[in-house]
K.L.:
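Below you'll find the structure I mean.
Read the numbers this way: they start at 1 and go in the same order the structure lists the ligands and their atoms. Basis for what follows: all heavy atoms, side chains included, without hydrogens, waters or symmetry-related copies.
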Amino acid sequence: MTDQNLLAMNPQELNEYLNEKDIKKFYLIYDDKSSQMTASHPELQPLADFISNDKRDFDNHEGIFVKLSSAYNSLLAVFVHRTDRGQSAGGTRFWHYSTTESFLRDGMRLAKGMTHKNALAGLWWGGGKGIITHDPSIDKTNPDIRTLLYREFGEFITTLRGCYVTAEDVGTNVRDMAEIFSRTRFTTCIPFKFGGSGNPSVPTARGVVSGIEAALNFLNMGEIESKIIAVQGLGNVGRPLIKFLFEKGAKKIIAHDIDTYNYEIAEKEFENENVELKLVDKSDTSIFGMECDIFSPCAVGAILNPETISLLKSRIVCGAANNQLEDPVRDDKLLAEKNVLFVPDFLTNRMGIVNCANEQYGYVNDDPYIEKHLQKDWEYSIYQMAMKVFNQSKETGESPAKAAVKIADELSFIEHPIFGHRGRQIINSLVEDEWHKN
Ligand code: NAD
């Protein structure tokens, strides 16, 4: 079996291959001495070698842990990127992958993204990500199947002894989080009825407002008052965002959605405001070309590409959607060339993780640990961090996204003030105790 073969297999085929070898769990761990990834099983060393040699998504990730689902052809995986600031934290994605390579790349990329998001937010968390691979032959809407998978995932996280703490992500819902919580303490984003923090969309929308205000200030464009903003997506974040923008005196909002239900709610909610709402087809890109001051992507990721960027008429792009650039290097450059100030999404949409990050410390009204992220004066607030990023980008000539990653990287190596680099110690203990055999 060559590395190419393993990487080209889809996760279901990898699952079958591992079963044939009687491998139920495996890990790929970063070895500080050799600066290489090492696999728990010799048969899987080609995967570790592929990762060690990768320049795009691999960034000395501390560990990747994978377990086979006992009932379905799914892989349960945890990607730990960096734990200097604290336990690795990030949501669990339930997603279909056509190859093992795309599964590994996605996990590494998303875990690294969480390191950056958490560090820029000044949270004492490292970065990680969970993935449950979806086997297309099973019905992912079946509640019994989901219950089993998410309970198994919770049990799996427990075995990792706290080097990873999970949360909600694409494909995972509140009910799934309750199933995870029934099997592990290492989770945030638990339902409200179990003491969780509930829906973070409203604080997320407020975070986007902070990002917009910083960008306007940096460009000497004044305040939100009298501005025209185009919003893509009228969902949980898009609608409160529009409400806040009107409260701040926005002149007009243009907003598109593809979903009749959300469109109709928005139509009713903003019937007395100066809005131009449109129900569009998925392939419709007209929102990008609207005459406006700010374009705010609040729908899905990867929407900024050469075609859509060429349509933009705004000076600022700032929204909640994750991973807005289809190709981070190419599209970042294109935006800069077009003189559009891009507010990195992982900076502005942090309130989702901020909202649930400290659930275990309880709740107070107008929680200062949440509110400070939305104020203008705290050094790690969205506003201050955005200004820092823009200024650094101006000084160095790098794009804001690059500057943000650089600042985040530096911050991510600051060790937790009480527990130090404990995540790495936990991983070392797992290896010492032969986690993969138990
Ligand atoms: P949501 O699913 O409630 O709303 C998204 C809306 O976008 C939906 O109404 C959908 O129909 C619409 N949409 C999808 N494709 C579209 C298209 N091509 N054109 C126009 N509209 C389209 O999601 P949300 O919670 O509002 O989150 C919005 C984005 O922000 C997502 O990318 C999400 O990952 C990200 N985000 C959300 C939070 C949060 O707290 N909710 C936190 C961080 C990041």
K.L.:
In the protein, which heavy atom is nearest to atom 36 (N) of ligand 1, and how far is it?
P.N.:
A320 O, 3.6 Å
K.L.:
For residues L312 and L304, determine if any side-chain heavy atom of one lies less than 4.5 Å from a side-chain heavy atom of the other.
P.N.:
yes
K.L.:
What is the closest protein heavy atom to atom 28 (C) of ligand 1, and at what distance does it sit?
P.N.:
C298 O, 3.3 Å
K.L.:
Return yes when atom CD of E225 has more than 12 non-hydrogen atoms of other residues, nucleotides or ligands closer than 6.0 Å, and no otherwise.
P.N.:
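Atom CD in E225 is not crowded, with 12 or fewer foreign heavy atoms closer than 6.0 Å.
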K.L.:
Does S296 reach the main-chain N or O of A230 with its side chain, forming a donor-acceptor pair under 3.5 Å?
P.N.:
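Not at all, since once roles are kept as given, no pair shorter than 3.5 Å links the two residues.
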K.L.:
What protein heavy atom lies closest to atom 43 (C) of ligand 1? Include the residue and the distance to one decimal.
P.N.:
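The closest one turns out to be N349 O, 3.5 Å.
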K.L.:
In ligand 1, which numbered atoms sit nearer than 4.0 Å to a non-hydrogen atom of Q232?
P.N.:
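Ligand 1 atoms under the 4.0 Å threshold to Q232: 17 (C), 18 (N), 19 (N), 20 (C).
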K.L.:
Should the ring pair H373 and W378 be called parallel, tilted or perpendicular, given that the plane angle runs from 0 to 90° and is split at 30 and 60?
P.N.:
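Answer is perpendicular, since the angle exceeds 60°.
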K.L.:
Students should be able to answer this: which protein heavy-atom is nearest to atom 15 (N) of ligand 1, and at what distance?
P.N.:
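Going by distance alone, atom 15 (N) of ligand 1 is nearest to I258 CD1, 3.5 Å.
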K.L.:
Protein heavy atoms: any of them under 4.0 Å from atom 11 (O) of ligand 1?
P.N.:
yes
K.L.:
Hey, what's the ring geometry for F270 with F246, parallel, tilted or perpendicular (30° and 60° as the breaks)?
P.N.:
tilted
K.L.:
Select one of side chain, backbone, both or neither to describe which atoms of N236 lie under 4.0 Å from any atom of ligand 1, heavy atoms only.
P.N.:
both
K.L.:
If you count the atoms of ligand 1 from 1 in the order shown, which ones are under 4.0 Å from a heavy atom of D259?
P.N.:
11 (O)
K.L.:
One residue to check: A299. Relative to ligand 1, which of side chain, backbone, both or neither has a non-hydrogen atom less than 4.0 Å away?
P.N.:
both
K.L.:
May I ask you to decide if the ring planes of F103 and F79 are parallel, tilted or perpendicular, using 30° and 60° as cut-offs?
P.N.:
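Perpendicular, since the angle between the ring planes exceeds 60°.
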K.L.:
What is the nearest protein non-hydrogen atom to atom 4 (O) of ligand 1, stated with its residue, atom name and distance?
P.N.:
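Looking at atom 4 (O) of ligand 1, the protein heavy atom closest to it is G235 CA, 3.3 Å.
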K.L.:
Starting from atom 34 (O) of ligand 1, which protein heavy atom do you reach first, and at what distance in Å?
P.N.:
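The closest heavy atom on the protein side is N322 ND2, 3.1 Å.
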K.L.:
Please work out which of the three classes, parallel, tilted or perpendicular, describes the rings of F58 and H61, given edges at 30° and 60°.
P.N.:
parallel
